Student: 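Here you go, one structure.
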Amino acid sequence: MHEGAIAQALVNAAHNVAVENGSKPVEKVLIVVGKMHQIVPSVLETYFDMMKEDFHLLSNAKLVYTEQELLIFCKDCNTESILETYPIFMCPKCESFSTEVVQGEELYIESLIFYKEEPDGKE
Amino acid sequence: MEKNEVKVMQKILRVNEAIAEELRKDLADKGVFYMNLMSSPGSGKTTLLENTAPKMSGNLAVIEGDIQTTLDAERVAKAGIKAYQINTGPFGGDCHLESSWVKAALQEIDLTGIDYLFVENIGNLVCPAEFDVGAHTNVLLISTTEGEDKPLKYPLAFRVSKLCVITKTDLIPHLDIDMDLLRSNIHKVNPDMKIIELSAKTGEGFDNWIDFLRKNKR
Ligand SMILES: Nc1nc2c(ncn2[C@@H]2O[C@H](COP(=O)(O)OP(=O)(O)O)[C@@H](O)[C@H]2O)c(=O)[nH]1
Ligand SMILES: [Mg+2]
Ligand SMILES: [Zn+2]
């Protein structure tokens with residue numbers, strides 16, 4: 001499944017960021033996934049947990065998944081709305097199909113949270 | 001924000017996207033119009049290519065993606081198309097193609113004199129839609145036997161494609177399909193989608209496809 005390939009890209013990218021930021025062990029990887037993506041969170045998490053084992057900085061990391069709602073902008077009535085009729089891309093206010101997506105297509109790493117350093121200053 | 005938190009704001013698929021952009025530009029510079037064909041297994045991608053070749057004076061190249069076998073590459077090669085097969089089986093049987101694999105395949109294909117490059121993606125409406133392979137146009141095929149509800153069930157594939165080719169129109173008399181409903185469902189998901197309806201068997205509507213290719217010649 002595509003979740004496997006996405007998880008692979010995710011662990012590679014998260015590991016690079018961890019290395020660029022002082023090679024500290026990662027506690028959480030926060031990602032944002034727009035509703036347009038057909039990703040099953042639990043499947044992505046399973047692959048993530050499997051693939052993180054290849055990187056010692058990630059081996060105790062937890063994936064934190066935030067789904068982003070679909071927002072559309074209507075070019076006829078100039079308003080922004082949550083697309084509750086997804087996958088029908090129609091403006092809920094005026095029923096126009098002349099809309100564009102303003103949110104809901106993203107798939108990105110928002111941030112990494114590192115483990116706090118041990119009180120005895122161990123690095 | 002926590003003190004031990006670092007903002008990243010980085011696309012997860014940015015490596016794939018960067019290579020896709022590179023391919024898009026590179027092929028445009030070479031004067032090649034590059035299309036990515038996506039559909040369920042059996043919608044008629046290979047048949048469409050086989051029937052396109054005789055009408056286009058031999059300037060097509062195809063990269064075939066399949067989990068196993070080189071059957072499709074053999075079929076299109078027989079039709080006179082320059083063909084290259086990618087098998088994803090050895091890489092864990094991936095259900096989609098990525099831009100880096102297309103890039104590697106292109107190193108094996110001489111594009112001199114080629115006007116059109118096709119990627120025949122792995123048959124499936126979910127996974128290929130997630131990965132930009134750098135095509136100038138994504139083309140989605142759906143056959144009349146697949147039912148009117150597919151655009152609603154697989155919206156991403158319909159959103160990322162500009163053209164929908166409805167295949168096997170010769171079968172309509174034998175089916176209960178409501179073509180108006182299918183067209184309307186396509187446009188509910190992607191109002192700007194262009195639709196071409198054709199039969200590779202009878203040739204009905206095929207000229208519209210050939211026109212589309214000619215209009216997009218670089
Ligand atoms: N009746 C009819 N059958 C078709 C048409 N196009 C393809 N087929 C058949 O559908 C089957 C699958 O086609 P193929 O091109 O291999 O599909 P692919 O998996 O998308 O490449 C084959 O048996 C084709 O002969 C068509 O226009 N009409
Ligand atoms: Mg095929
Ligand atoms: Zn509106």
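None of these values were measured; they are calculated from a predicted model. Every chain is numbered from 1, with letters handed out A, B, ... down the list of sequences.
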Student: In Å, rounded to the nearest 0.5 Å, how long is the span from CD1 of B:I12 to CD of A:Q8?
Tutor: 12.5 Å
Student: Under a 4.5 Å heavy-atom cut-off, does chain A meet the side chain of B:V189, its backbone, both or neither?
Tutor: both
Student: Quick check: are there more than 12 heavy atoms from other residues, nucleotides or ligands sitting under 6.0 Å from CG of B:D176?
Tutor: no
Student: Which residue out of A:L10, A:L107, A:N21, A:V33 racks up the most heavy-atom pairs below 4.5 Å with chain B?
Tutor: A:L107
Student: Which bit of B:Q10 is near chain A, if near means a heavy-atom gap under 4.5 Å: side chain, backbone, both or neither?
Tutor: both
Student: Is there a side-chain contact (heavy atoms from CB on, under 4.5 Å) between A:L112 and B:K7 once you walk through the steps?
Tutor: CA-CA 7 Å; A:L112 295 191; B:K7 268 268 171 255; over 6 Å; no
Student: I need the minimum non-hydrogen distance between A:S111 and B:V8, along with the two atoms involved.
Tutor: CA-CG2, 3.7 Å
Student: Hey, are the side chains of B:M9 and A:I109 touching, using non-hydrogen atoms and a 4.5 Å cut-off?
Tutor: no
Student: Let's test your reading of the structure: which of B:K11, B:E130, B:E98 forms the most heavy-atom pairs below 4.5 Å with chain A?
Tutor: B:E130
Student: Using non-hydrogen atoms and a 4.5 Å limit, figure out which bit of B:F131 sits close to chain A: side chain, backbone, both or neither.
Tutor: side chain
Student: Can you tell which part of B:R14 gets under 4.5 Å to a heavy atom of chain A, answering side chain, backbone, both or neither?
Tutor: neither
Student: Has the side chain of B:N4 got a donor or acceptor atom that lies under 3.5 Å from a matching backbone atom of A:F114?
Tutor: yes
Student: Can you check whether anything in residues 77-95 of chain A gets within less than 4.5 Å of chain B, heavy-atom wise, and list it by number?
Tutor: A:Y86, A:P87, A:I88, A:F89
Student: Quick one: pull up CD1 in B:I122 and NE2 in A:H2 and give me the separation to the nearest 0.5 Å.
Tutor: 14.0 Å
Student: Which atom pair, heavy atoms only, marks the closest approach of B:P155 to A:Q38?
Tutor: CD-NE2, 3.3 Å
